[in-house]
Amino acid sequence: MSRIQVSGTRLAGTGFTGTGFTGTLPLLRHAIRLDRWKLLPWLLIFGAIPAATYAAYGSIFTSPAEAMLLQATLSTNPAFTLLFGPAAELTTAIGFVTWRVQMFSMFFVALMAVYAVTRHTRAAEDSGQAELVDSGVVGQHARLASAVLLAWLASAAVGLLVGGTLASAGAPPSGAFALGALLAGMGVAFAGVAAVTAQLGSAARTANTLAVSVLGISYLLRGLGDTLADAGWLLWTNPMGWAERIRPATDNNFWPLALLAAAGALLTVVAAWLRSRRDFGLGFIPGRPGPAQGRAGIWGLTSRLDRGAFWTWGVSLVALGSVYGLVTSTMATIFADNPFIKQMIAFRVATEEQLLMAFVGVLLLVLTLISGAFGIHLALHFYAEEEERRAEWVLSAPLSRLGYFTPTVVLAILAPAVGLMAGALALAAGAKATGSAADTGTVLLQALAQLPALWLATAVALALVGLAPRLGGLAWLLLVYWLLLTMFGPVLKLPDWLLNTSPFHVVPNVSAPDADWSPVWWTLAIAAVLLVSALAGYRRRDLVCT
Amino acid sequence: MSAAVSIAGLVKSFGGFRALDGLDLDVREGEVHGFLGPNGAGKSTTLRILLGLLRADSGRVEILGGDPWRDVVPLHRRIAYVPGDVSLWPSLTGGEAIDLLGRLRGGLDRKLRAELLEAFELDPSKRGHAYSKGNRQKVAIVAALSSNAELLILDEPTAGLDPLMEAIFREEIRRQRARGRSVLLSSHILAEVEALSDRISIIRRGKVVETASLEQMRRHVRTNVTATLSDGAAPLGGLPSVDDLRIEGRRVRFSVDDGSLAAAMGALALHGLSALTVTPPSLEDLFLQHYGERLHPEDADDAEGRRPE
């Protein structure tokens, strides 16, 4: 506290004053108390997953040769590098853990930090809580400082937990704490990003969207930096690239951590400066007044409420599809360079087209999973209307339950499908533009084959909304389960019956001559049954009134 | 007179909690009916069953001659609702929200809409997240009042309105009654219900414990008086129906029923009345006096000692 005040007097010209931080520590204590149940699950998951993966390493690979083979497979497939980062070192347990967890964990630590900062700055202003607190003995920077400190503490806790549990499980401490530092650094940097976006947006949702967009762009830039030839410099353009440069288990290079911490601190100072130049409750992106009259009915309302999501997810899918398309062209080089693959083609075990489509299939799978997340988001957004008590008001008008629910059901079925096909088209176009042999028709057919899996994910969420809305979050859990199973299940050699519980796994490779389409029809049938029960359930159940 | 709302023996449970426990309620056509009770007594649950948002476990519920669960669409053409604690769409303007509700019910009275916006001083071009609680409430009130519905169901409609706006709201409700509309007005504030209602039903723990006209209800309620007298303590003890008399130097406090208020004032005037506060009985007082019970469970121990035999 006293240290902050000393530096505060020095920085008086930038809006800091000696008393600007009064009340920071009580606010921080209050924030920790409010958030302990929100943050604890994140911390426990972060603590448990790396150590559990570490412990499982011995049972996954029976010999070092197997690990080498996996590393060879993964590092020759840029789709995997793009998604999960380079598989630099799979022959040691800590290297394997790094590859498995780093990309997902970086994403989630950053989200944790972003949500924590927004919750205690912009969201508190939105709800009026902040007004109550700020009228007390609280300096002008105290709220922002306490929110950022909370996120930093949580990020540091994640880092220490990951490092500590891994080290105590027997990993070399340098690698264990390098992985911890990578995650903590991401949290610290993105707390700074969120501090700035909280000043820009005039509502919590805008602030979160802006910060998460920065995260998404970082992920893409770092992915391109990892996969495209001569694009390594892209890793220096964004926090996720810096964090990746720590390279746990291989380089254990700690100095990018300083870069991340400096970015977090600098952004926070910028945020404080912006904060002192705006009015309470307002942002730099002003909330404009709108039309005094409206013409929307229930279809208009639904499309209006989901319009933002449609463009956000749609643009993300097309952007990701284009990037994937560019990466596809590198496959030809890999086929040419890899003697093993050359042999497979020579012996007609597989055609080059089939191998290419297997690779494109992985990319499309990611697009499908993202579209599935979009569908779940739309379904649960409908339930949020109920939780926030707007559904109650709308349903007091002459509108049947089916009349209210149907637009959402139609939109949740169509919009993610349109998004997926647009992403697939972008992928095919990108591949064509860079001279890949991938056939546009086949790519689109492969995407079509994956549509029912996406619809099943959406239908599960809709059925939960119709039958047991309080359990809506289970749809996310199921999607994450399917994602992990489909992405890592085959690599971990899980039994077929288990793999087949994922609708994303059973999709056939459409370029294979013996492609079996029956799972696609089964998936479609189950999704249809779920949809009918969703509608029937919503018609019969009590509205959830809070 | 026929009934706008007719409920008998209504039961509704949430899990193990019995929110409504054999509730009876009748709202006559053309009347403003106050639905009075403490928070958590079951007011909102009753209204939501009347709107077909919740399904009754048992009991008979009829609204405008129909079944609220089965006949949702035709019934709702004739009903308008103001929810308690209105929540608006952050990205839609207040005007768009009003017109959405209007369009869903097949049109609203544009002229009335404009008049109401002006009367309530509501800016319809603001986005939902920019409205204060009181202004959100006004959006729902304007949407309901400009709808030409036969029956208005209002759940604590004035929460968050300032006194001036509350007065305008009361005036609008009186106008609605003059047009022959029926109003079911829930509230936990006695004064609000008192100012508007023809009849009042008191709900307590999921049951209507009393339905009466205002005059009948008045007999139960006692007014609290605090006075400062220049002559020192007055011999008020002898007056009929003065109760809870406390004398602190030159200040006296007591409660009195409406019938004896004039006599008590006369007595005070004779003893050099220099300051006077007359507080109308709150719902809290009514419950204390009438049921010998506090509204808040944390005070329950205290209430046990006061319960009349």
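Below, all heavy atoms of this structure are taken into account, side chains as well, without hydrogens, waters or symmetry copies. Residue numbers start from 1 in every chain, and the chains themselves are labelled A, B, ... in the order their sequence lines are given, proteins ahead of strands.
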Check whether Lys12(B) gets within reach of chain A through its side chain, its backbone, both or neither, counting any heavy atom under 4.5 Å.
side chain
Where on Leu53(B) is there a heavy atom nearer than 4.5 Å to chain A: the side chain, the backbone, both, or neither?
both
Verify the neighbour count for atom CZ of Arg179(B): are there more than 12 heavy atoms of other residues, nucleotides or ligands below 6.0 Å?
yes
Evaluate whether atom CZ of Arg540(A) has more than 12 neighbouring non-hydrogen atoms of other residues, nucleotides or ligands under 6.0 angstrom away.
no
Heavy-atom donor-acceptor pair, Arg77(B) side chain to Pro398(A) backbone, under 3.5 Å
no
Is any side-chain heavy atom of Leu399(A) closer than 4.5 Å to a side-chain heavy atom of Val72(B)?
no
Can you tell which part of Ala140(B) gets under 4.5 Å to a heavy atom of chain A, answering side chain, backbone, both or neither?
both
Examine whether an atom of Asp85(B) lies under 4.5 Å from a heavy atom of chain A, and if so say whether it belongs to the side chain, the backbone or both; otherwise answer neither.
both
Check the side chains of Ser87(B) and Arg389(A) for a donor-acceptor pair under 3.5 angstrom, ignoring hydrogens and angles.
no
Quick one, Trp393(A) with Leu51(B), criterion side-chain contact (heavy atoms from CB on, under 4.5 Å). Give me CA distance, side-chain angles, the key distance, then yes/no.
CA-CA 10 Å; Trp393(A) 194 33; Leu51(B) 287 160; over 6 Å; no
Relative to chain A, which segment of Leu92(B) carries a heavy atom at a distance below 4.5 Å: side chain, backbone, both, or neither?
both
Tell me the residues of residues 101-111 of chain B whose non-hydrogen atoms fall below 4.5 Å from those of chain A, in number order.
Leu101(B), Arg103(B), Leu104(B), Arg105(B), Arg110(B)
Heavy-atom distances under 4.5 Å only: say whether Arg304(A) touches chain B with side chain, backbone, both or neither.
side chain
Measure across Arg127(B) and Gly290(A) and return the closest heavy-atom pair with its distance rounded to 0.1 Å.
NH2-CA, 3.7 Å
Do any N or O atoms from the side chain of His76(B) and from the backbone of Leu395(A) form a donor-acceptor pair under 3.5 angstrom?
yes
Looking at Gly294(A), is its backbone amide N or carbonyl O close enough to the side chain of Asp99(B) to form a donor-acceptor pair, meaning the two atoms are under 3.5 Å apart?
yes
Results of side-chain hydrogen bond (donor to acceptor under 3.5 Å, both in side chains) for Thr93(B) - residues two or more places apart only
Glu96(B)
Donor-acceptor contact present, side-chain Arg541(A) to main-chain Leu54(B), <3.5 Å
no
Has His30(A) got more than 12 heavy atoms of other residues, nucleotides or ligands less than 6.0 Å from its NE2?
no
Under 4.5 Å from any heavy atom of chain B - which part of Arg539(A):
backbone
Under 4.5 Å heavy-atom distance to chain A, tell me which part of Arg113(B) shows up: side chain, backbone, both or neither.
side chain
With a 4.5 angstrom heavy-atom cut-off, could you sort out which part of Leu88(B) is near chain A: side chain, backbone, both or neither?
both
